Amino acid sequence: EVALQTGKPISDFQSGKKENRPFQIDLRIMEMPREILYERTEKRVDMMISEGLEEEVRTLMPYRNLTALQTVGYSEFFDYFDGKITKDEAINKIKQHTRNYAKRQVTWFKRKVKGEK
């Protein structure tokens, strides 16, 4: 967007120098029991399925090799469309992979709160 508007790459506007800021960030994380997180995650997947995720992925078949489509929800349906797994297996894998992703996010946030890199 920057390049389209200015005719210059964004790197032309970035100095690479870290600036001192007149504030500090205080990170906090709210946690919930894992069972509740996973239950909510599965309900979210069910909602995505009922709202047309399968049809959305089907329209993206011509672009399936794009990196942006190698994500949870899309890759499992691509396997289903290819006959590698059943629809139920695809949905169960989406749920599992979404739970895995949620756990990685929690781990990442906990590290950030502790100040680790």
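Just so it is clear, the values below take in all heavy atoms, side chains as well, and ignore hydrogens, waters and symmetry mates. Note that this is a predicted model, so its numbers are computed, not measured.
Linking ILVMFWY residues whenever their side-chain heavy atoms come closer than 4.5 Å, directly or via other members, places M48 and F78 in the same cluster. Linking ILVMFWY residues whenever their side-chain heavy atoms come closer than 4.5 Å, directly or via other members, places L60 and I49 in the same cluster. Note: the hydrophobic cluster containing V113 does not contain M32 (ILVMFWY, side chain heavy atoms under 4.5 Å, direct or indirect links). Residues Y63 and L53 share a hydrophobic cluster, clusters being chains of Ile/Leu/Val/Met/Phe/Trp/Tyr side chains in contact below 4.5 Å.
Other residues, nucleotides and ligands contribute only 12 or fewer heavy atoms inside 6.0 Å of the CD1 atom of I25.
Between the side chain of E76 and the main chain of K87, no donor-acceptor pair closer than 3.5 Å is present.
Residues D82 and M61 approach most closely at OD1-CE, 4.4 Å, considering heavy atoms. When every heavy atom of P9 is checked against every heavy atom of A3, the shortest pair comes out as CA-CB, 4.5 Å. The heavy-atom pair separating V57 from G73 by the smallest distance is CG2-O, 4.0 Å. In terms of heavy atoms, T98 sits closest to V45 at OG1-CG2, 3.8 Å. In this structure, L69 and Y74 approach most closely via the heavy-atom pair O-CB, 3.3 Å.
The hydrophobic cluster containing F13, built from Ile/Leu/Val/Met/Phe/Trp/Tyr side-chain heavy atoms closer than 4.5 Å, also comprises V2, I10.
Listed by first then second residue, pairs satisfying salt bridge (charged side-chain N to carboxylate O under 4.0 Å, His left out) with a partner in residues 4-15 number zero, not counting sequence neighbours.
To the nearest 0.5 angstrom, I91 atom CD1 is 11.5 Å from E42 atom CD. For the atom pair Q96 CD and T41 OG1, the distance stands at 11.0 Å (nearest 0.5 Å). Within the model, atoms CE of M47 and NZ of K43 stand 11.5 Å from one another, a figure rounded to the nearest 0.5 Å. The CH2 atom of W108 lies 5.0 Å from the NZ atom of K112; values are rounded to the nearest 0.5 Å.
Taking the side chain as every heavy atom from C-beta outward, R64 and F81 never approach each other to under 4.5 Å. By the 4.5 Å heavy-atom criterion applied to side chains, I85 and K93 are counted as neighbours. Side-chain atoms of R34 and K103, non-hydrogen and from C-beta on, do get closer than 4.5 Å to each other. Between K95 and D46 there is a side-chain heavy-atom pair separated by less than 4.5 Å. Using a 4.5 Å heavy-atom threshold, the side chains of I94 and F77 count as touching. The closest side-chain heavy-atom distance from K114 to R111 is not below 4.5 Å.
Note on K84 versus E89: no salt bridge recorded, every NZ/NE/NH1/NH2 to OD/OE distance being 4.0 Å or above.
Listed by chain and residue number, nothing satisfies the ring-ring contact (aromatic ring centres under 6.0 Å, His included) test with F109 (two or more places apart in sequence, or in another chain).
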